[in-house]
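Data block below; observations after.
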Amino acid sequence: MRFLILLLISFTIVFTACKSGNKDDASKDETSKSDDANADDPAYAIKKAMEGLGAEGTEPVDHHKLKDMLSENIQGYTRTAFESQKAGAFGFNISIAEADYEATGDKRIKASLADTGGAGMAVMSMAAWSSLDLDKEDQNGWERTSTYKGYKTFEKYDKSNKTSELAIMVEKRFLVTLNGTNCDMDELKKFVDELEIGQLRKMI
């Protein structure tokens, strides 16, 4: 899964930065012997980095619950494949469920629901748009950040290949992503309406 690959990359980046930080601190402060002794321990380095980013280590929801939200039929689309799992690294886990959908007219939607749990703040790089204000348009399409029914969103449409993307952040830990082919943004929003993503709040 692309999300999991990016998550591991994010952990690697954090780990590298943390190791660098530990070395700099050691040269400045002789009293940090405890940190220095553990500087080469990946789990320890990641833990310290996560603490600095506000991660509290909350366990993500059961991935089966996320999968259950991706029902067989949504807004006229039929599910053709799905996968869900819990995975992570260095003691921090995420739950993720993905499903592929098809409808008449060669319309396709790939839906993804992910719970980053307590590592939510640490993997904000997975949704950097959530802290940005963006509004861009050219002859090929547009992309922008916005809000939809109170949720921060990232929206993108490519006219040339008729692809669309809608990403939504819920409670600073759940990431809902829809990638559509031959369907516009309005269809993605109708799809997410039927998903009833407000259920995610009740799972915490």
Side-chain angles (χ1 to χ4, degrees), residues 1-12 14 42-43 46-47 50-51 53-103 107-130 148-155 163-181 183 187-204:
M1 293 181 178
R2 183 181 64 175
F3 187 94
L4 295 181
I5 293 173
L6 292 176
L7 173 68
L8 294 176
I9 291 175
S10 296
F11 275 129
T12 301
V14 171
I46 291 292
K47 180 176 183 297
M50 294 300 189
E51 289 174 354
L53 289 170
E56 298 177 356
T58 302
E59 187 69 11
V61 302
D62 188 335
H63 65 92
H64 294 98
K65 292 183 178 180
L66 299 180
K67 186 265 292 182
D68 289 343
M69 290 180 62
L70 299 172
S71 56
E72 293 185 2
N73 295 284
I74 298 178
Q75 196 60 37
Y77 284 78
T78 300
R79 192 180 66 194
T80 58
F82 73 87
E83 181 179 1
S84 70
Q85 64 176 294
K86 172 184 173 182
F90 306 109
F92 292 88
N93 301 303
I94 68 167
S95 290
I96 183 168
E98 295 180 339
D100 296 329
Y101 292 86
E102 294 182 358
K107 296 180 178 182
R108 298 186 298 277
I109 291 178
K110 185 175 187 67
S112 172
L113 303 176
D115 178 17
T116 61
M121 295 303 293
V123 295
M124 277 307 223
S125 58
M126 307 295 295
W129 51 264
S130 63
Y148 182 66
K149 296 188 175 180
Y151 301 109
K152 184 69 178 284
T153 67
F154 172 76
E155 305 173 12
T163 59
S164 52
E165 178 180 353
L166 174 63
I168 304 173
M169 181 66 71
V170 180
E171 295 296 316
K172 295 184 178 180
R173 60 179 281 175
F174 296 100
L175 183 60
V176 179
T177 307
L178 302 179
N179 289 281
T181 302
C183 56
E187 286 189 75
L188 292 188
K189 289 182 177 179
K190 289 178 181 177
F191 190 96
V192 81
D193 283 345
E194 194 163 324
L195 274 179
E196 297 182 359
I197 60 175
Q199 298 178 62
L200 295 171
R201 291 177 172 175
K202 300 176 182 178
M203 294 182 185
I204 299 176

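- Rounding to the nearest 0.5 Å gives a distance of 11.0 Å between CD of Glu165 and OG1 of Thr153.
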Side chain to side chain contact (heavy atoms under 4.5 Å, CB included) between Leu70 and Phe82, intermediate numbers included: CA-CA 8 Å; Leu70 299 172; Phe82 73 87; 5.9 Å; no
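- More than 12 heavy-atom neighbours from other residues, nucleotides or ligands sit within 6.0 angstrom of NZ on Lys152.
- Separating the OG1 atom in Thr78 from the CD1 atom in Ile109 is a distance of 11.5 Å, to the nearest 0.5 Å.
- Pro60 and Asp115 make their closest contact through CA-OD2, 3.2 Å (heavy atoms, listed as atom of the first residue, atom of the second, distance).
- When each of Asp100, Asn179, Thr177 is paired with Lys110, the side chain to side chain donor-acceptor pair (under 3.5 Å) condition holds for Asp100 and for no other.
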Residue pair Phe154, Met169: steps toward the side chain to side chain contact (heavy atoms under 4.5 Å, CB included) verdict: CA-CA 9 Å; Phe154 172 76; Met169 181 66 71; over 6 Å; no
Side chain to side chain contact (heavy atoms under 4.5 Å, CB included) evaluation trace for Asp62 with Ser95: CA-CA 7 Å; Asp62 188 335; Ser95 290; over 6 Å; no
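- Only one option out of Leu195, Val61, Ile168, Leu66 pairs with Leu200 in a side-chain contact (heavy atoms from CB on, under 4.5 Å); it is Leu66.
- Scanning all heavy atoms of the two residues, the minimum distance from Tyr151 to Gly198 falls at OH-CA, 3.6 Å.
- The minimum heavy-atom distance between Ala111 and Tyr101, with the atom names listed, is CB-CE1, 4.3 Å.
- Applying the salt bridge (Lys or Arg N to Asp or Glu O under 4.0 Å) rule to pairs touching residues 193-204 yields Lys149-Asp193, Glu171-Arg201, sequence neighbours excluded.
- The environment of Glu72 atom CD is sparse: at most 12 non-hydrogen atoms of other residues, nucleotides or ligands sit within 6.0 angstrom.
- Scanning all heavy atoms of the two residues, the minimum distance from Gln75 to Lys190 falls at OE1-O, 3.7 Å.
- Minimum interatomic distance between Lys189 and Val192 (heavy atoms only, all atoms of both residues): O-CG1, 3.1 Å.
- Taking every heavy atom of both residues into account, Tyr77 and Arg108 meet most closely at CE2-N, 4.2 Å.
- Rounding to the nearest 0.5 Å places CZ of Phe174 at 7.0 Å from CE of Met203.
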